[in-house]
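First the structure, in the form of structure tokens, and then the observations on it.
The structure displayed is predicted, hence computed values, not measured ones. Both ligands and their constituent atoms are indexed starting at 1 by order of listing.
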Amino acid sequence: MLAEIDVAIIGAGVVGLATAGEITQGKKEIFVFEKNRTFGLETSSRNSEVIHAGIYYPEDSLKAKLCVEGKSLLYKLCDKHNIAYKKLGKIIVAVNANEITQLEKIYQQGRKNGVEDLMLLSQTELKKLEPNVEARAGLLSPSSGILDSHTLLKYLYNQAREKGAQFVFNTEVIGIERAGAKYKVQIKDRDGISDVIAHVVVNCAGLNSDKIAQLAGIDIGKVGYKLHYCKGEYFSLSSKYRNIVSRLIYPTPEQAGHGIHVTMGLDGRVRLGPNARYVQTLDYAVDETQKEAFCNSVKRFLPCVEFEDLEPESAGIRPKLQGPGDSFRDFVIAHEEKIGFPGLINLIGIESPGLTASLAIARYVGGMVKEFLA
Ligand SMILES: Cc1cc2nc3c(=O)[nH]c(=O)nc-3n(C[C@H](O)[C@H](O)[C@H](O)COP(=O)(O)OP(=O)(O)OC[C@H]3O[C@@H](n4cnc5c(N)ncnc54)[C@H](O)[C@@H]3O)c2cc1C
């Protein structure tokens, strides 16, 4: 007889981990299948570790709502469980008149999204806060910060396990088939291929989430779930730049990303990035030929940065629904009942601010699961 479980979560990134912790309760059998040897080895450990305020996204989008809610849940969780963070604040800078206009729009957007502490800064005010930054105006977001995402991942994993979630590593989901009112989930591990029956399947497979939806039988082209990979590379700055800024410094945003910005680790190390380049393959090598573009881009507002002080550091890849030149796409977080897949919950396109929003995403998905299993 096939093993039968209540919920199969595919993927143990920050979203799968948070979701497992949220929905595990009582006697329900929750299994998390992860193809890697442990949790959090993909996008969740290849990002800027920034707790975003929720400024940029269109009002009422899931990105805006879950970012604002997630930020506050995350700060509370970090306080309660000693997860290191710093609420440094962030400044988006404008270097010309066009960008000043854009900054004002971002300010209005942020206010609409419920980010109430934003402040527009004159050149003099900006200079007082960040003497090394050269720009004509700024937008200060005091509630933005950085966190130790590795400790967060570890906390979420331990918490889900303590509540009873079972983690199955080195196990890839390779098939999903309807089996009456349930799903037969085909998994591949070192011992071969086997099946489990699950009442609910939650697809938290990050860069593979479109393929998982397709495996389940969804026409991803038709419903607009096809993902585009958008690489974000980082260069580090040498230690002489340690105290060059006190806050995260961002340019006015570009189309596919937030623009190459200056971030800090909790240890004070300064890094530049990420850029945003659409790619075809999942390759995390940093292209050193990007160094000049990084340097020029940051020099626009931080002129003291020297080319020779940049070192290639790391890269992550965004699972983007928005292709090159496309307009804004929101997170897809959908119980697919309406298209004939009751009990299948897809999370697709969970790019930034997915780390910030993770706890709020988990609550949102938890609500869907609880309603379905009630
Ligand atoms: C360059 C970059 C910078 C970013 N900066 C920030 C930031 O500063 N702040 C912020 O809030 N967000 C940021 N993000 C976004 C954030 O990192 C992601 O939204 C978040 O980590 C997504 O988590 P996840 O759990 O959905 O995906 P992942 O971490 O990718 O986890 C998905 C998991 O699913 C597993 N999986 C896939 N297919 C299968 C399968 N078939 N079977 C079993 N397991 C499978 C994978 O192995 C993986 O472990 C950034 C992203 C990038 C790329």
| said: As a test of reading the model: which residues have a non-hydrogen atom less than 4.0 Å away from ligand 1? | reply: Ile10, Gly11, Ala12, Gly13, Val14, Val15, Phe33, Glu34, Lys35, Asn36, Glu42, Thr43, Ser44, Arg46, Asn47, Ser48, Glu49, Val50, His52, Thr171, Glu172, Val173, Cys204, Ala205, Gly206, Asn208, Ile212, Tyr234, Pro274, Gly316, Ile317, Arg318, Ile350, Glu351, Ser352, Pro353, Gly354, Leu355, Thr356

| task | Is it possible for you to say whether Leu103 and Ile260 belong to one hydrophobic cluster, with membership spreading through side-chain heavy-atom contacts below 4.5 Å? | result | yes

| message | Taking side chain to side chain donor-acceptor pair (under 3.5 Å) as the definition, give me every residue that meets it alongside Arg242, ordered by chain and number, with sequence neighbours left out. | response | none

| query | Does Ala53 offer a backbone N or O that forms a donor-acceptor pair with the side chain of Ser141 under 3.5 Å? | reply | no

| remark: So salt bridge (Lys or Arg N to Asp or Glu O under 4.0 Å) across residues 32-53, not counting sequence neighbours, yields Lys35-Glu42

| Is it true that Val286 and Leu207 fall in one hydrophobic cluster, defined by side-chain heavy atoms closer than 4.5 Å? | no

| said: Taking salt bridge (Lys or Arg N to Asp or Glu O under 4.0 Å) as the cut-off, I'd like each qualifying pair that reaches into residues 98-123, sequence neighbours left out, listed once. | reply: Glu99-Arg300

